[in-house]
Trainee: 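Take this structure, written in structure tokens, and hold onto it; I'll ask about it next.
Just so we're on the same page: letters track the sequence lines, and every chain starts at 1. What you see below is based on every heavy atom in this structure, not just the backbone, and it leaves out hydrogens, waters and symmetry mates.
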Number of protein chains: 2
Amino acid sequence: MTAVSEPRATKAIARARRRAPYDAESLLDVAVQVFNERGYDGTSMEDLAQAAGISKSSFYHHVEGKEALLAAACDRALDALTAIREDPLAQEGRAVERLENVLRLTVMALITELPYVTLLLRVRGNTASEKKALERRRDFDRFATDLVTQAIADGDLRTDIEPALATKLVFGLVNSLIEWYRPGRTPSDEVVNSTVSLALVGLRA
Amino acid sequence: MTAVSEPRATKAIARARRRAPYDAESLLDVAVQVFNERGYDGTSMEDLAQAAGISKSSFYHHVEGKEALLAAACDRALDALTAIREDPLAQEGRAVERLENVLRLTVMALITELPYVTLLLRVRGNTASEKKALERRRDFDRFATDLVTQAIADGDLRTDIEPALATKLVFGLVNSLIEWYRPGRTPSDEVVNSTVSLALVGLRA
DNA sequence: GTCTATAAATTGATAGAC
DNA sequence: GTCTATCAATTTATAGAC
């Protein structure tokens with residue numbers, strides 16, 4: 001059974017099944033992990049190549065460059081956040097219910113896309129692609145602020161905290177997950193429930 | 001009244017009064033500001049010199065080097081946090097009262113030392129001095145965790161959230177201030193009260 | 001696809017004149 | 001104290017052999 005005698009499709013599948021060790025996606029995973037450990041600017045392409053177990057030149061064969069890696073990671077995180085806005089749970093019911101759903105979906109997105117969102121939330125805006133990522137992030141912030149503002153106007157949340165301030169506090173609480181949450185330590189269900197509960201109990205009228 | 005005829009002490013005072021434009025402290029302020037804008041690793045000594053309005057070489061005349069600037073800034077932030085542990089308000093009364101005081105003092109420290117604490121909370125631990133700063137920071141985290149644990153054991157805080165998780169959430173909320181608080185926008189009193197209130201109301205039994 | 005070699009630019013830091 | 005000039009190391013990225 002030599003590979004030569006097999007049809008092309010079979011070869012492609014076999015290749016995929018044994019998980020080609022170095023495809024663009026797995027190298028992105030490696031890069032994002034190292035970026036999060038040492039910081040994006042504190043990581044050299046040599047660091048990434050070593051973490052992947054190949055030479056720097058081979059690494060470049062698979063990826064466009066350092067900034068493209070960061071942009072791809074940010075896009076993945078931002079796509080996850082954007083999907084929340086379009087989720088039916090974010091569009092029906094009272095504002096306070098939509099807010100609770102959005103908070104829950106956000107915590108879940110933070111957990112499932114943790115490395116990517118971590119990188120996104122640390123972006124400083126030094127380059128053009130970083131500025132673009134920050135702009136998309138601000139879109140989500142505005143969406144969240146509108147939701148909190150509406151819930152307060154509905155009389156469902158305490159009125160002694162400014163809407164903009166309340167939003168920043170609640171999403172600051174939620175986003176702080178990237179600083180301490182590590183998969184496998186605490187069941188993610190418990191983290192989701194505790195986080196949403198703590199945020200909303202403190203905020204309710 | 002020529003400078004030549006004045007005694008040395010007078011000259012020194014006059015020099016100090018007109019605020020020598022480039023002393024080590026004011027250059028640290030400049031450096032910390034730029035570090036926070038572009039990230040520590042994303043900032044070059046050339047960037048710092050330009051921000052200070054002098055050449056890179058002149059800048060080096062006043063400061064030891066890049067890492068020393070970071071260490072000095074972290075030390076200042078950590079000194080502010082350490083002072084909280086030694087504050088009488090953190091040592092008397094029930095654990096839940098001490099916790100409320102510590103939360104309030106922490107928010108106040110974040111606000112008064114904002115640039116320094118911001119830099120500290122972003123340190124990744126890449127160098128020896130950064131690792132040392134992270135270790136001092138962990139000391140404060142342990143102190144905070146003990147306080148929350150005790151308050152839960154006292155029956156003053158809700159028991160359905162793990163002490164370690166509750167601590168991370170509450171201090172995640174408090175520390176998120178560095179991401180959005182900017183002096184002069186919202187009165188600091190309002191931020192302190194709202195932050196402490198939101199955190200504790202959500203946490204109380 | 002992988003590698004060694006190297007280019008081209010930047011960086012932290014210093015030398016030494018004024 | 002400030003500057004220009006420069007060093008030595010590092011960094012992003014490419015060339016080209018296998």
Trainee: The side chain of K66(B) lies closest to which of these nucleotides: dC3(D), dG12(C), dT2(C)?
Mentor: dG12(C)
Trainee: Measure the shortest side-chain to side-chain distance between K56(B) and E46(B) over non-hydrogen atoms and say whether it is less than 4.5 angstrom.
Mentor: yes
Trainee: Of the nucleotides dA13(D), dG12(C), dC3(D), which has the atom closest to the S55(B) side chain?
Mentor: dC3(D)
Trainee: I want to verify a distance call: between dG12(C), dG1(C), dA13(D), whose nearest atom is closest to the H62(A) side chain?
Mentor: dG1(C)
Trainee: Of D47(A) and F59(B), whose nearest nucleotide on DNA chain D comes first from the 5' end?
Mentor: F59(B)
Trainee: Calculate the interatomic distance between E64(B) atom CD and dT14(C) atom C1'; express it in whole Å.
Mentor: 15 Å
Trainee: Distance check needed: dT11(D) C1' versus N126(A) CG, whole Å only.
Mentor: 16 Å
Trainee: So, is S44(A) near the phosphate of dT10(D), with a side-chain N or O under 4.0 Å from OP1 or OP2?
Mentor: no
Trainee: Choose from dT14(C), dT2(C), dA13(D) the nucleotide whose nearest atom is closest to any side-chain atom of S57(B).
Mentor: dT14(C)
Trainee: Taking CG from L69(B) and C1' from dA13(C), how many angstroms apart are they, rounded to a whole number?
Mentor: 13 Å
Trainee: I need the CD-P distance between Q50(B) and dT10(C), as an integer number of Å.
Mentor: 12 Å
Trainee: NZ of K56(A) versus P of dT12(D): gap in Å, rounded?
Mentor: 7 Å
Trainee: Any side-chain N or O of H61(B) less than 4.0 Å from the OP1 or OP2 oxygen of dC3(D)?
Mentor: no
Trainee: Measure CD/E67(B) against P/dT11(C) and give the value in whole Å, please.
Mentor: 18 Å
Trainee: For D79(A) and T82(A), does a side-chain donor sit closer than 3.5 Å to a side-chain acceptor?
Mentor: no
Trainee: Could you check whether any side-chain heavy atom of V96(A) comes within less than 4.5 Å of a side-chain heavy atom of E100(A), counting everything from C-beta outward?
Mentor: no
Trainee: Looking only at the side chains, is there a donor atom on one of D29(B) and S26(B) sitting less than 3.5 Å from an acceptor on the other?
Mentor: no
Trainee: Would you mind reading off the distance between L48(B) atom CG and dT10(C) atom P, rounded to a whole angstrom?
Mentor: 17 Å
Trainee: Specify the separation, in whole Å, of atom OH of Y60(B) and atom C1' of dT4(D).
Mentor: 16 Å
Trainee: Do we see a donor-acceptor contact under 3.5 Å between the side chains of E67(B) and T127(B)?
Mentor: yes
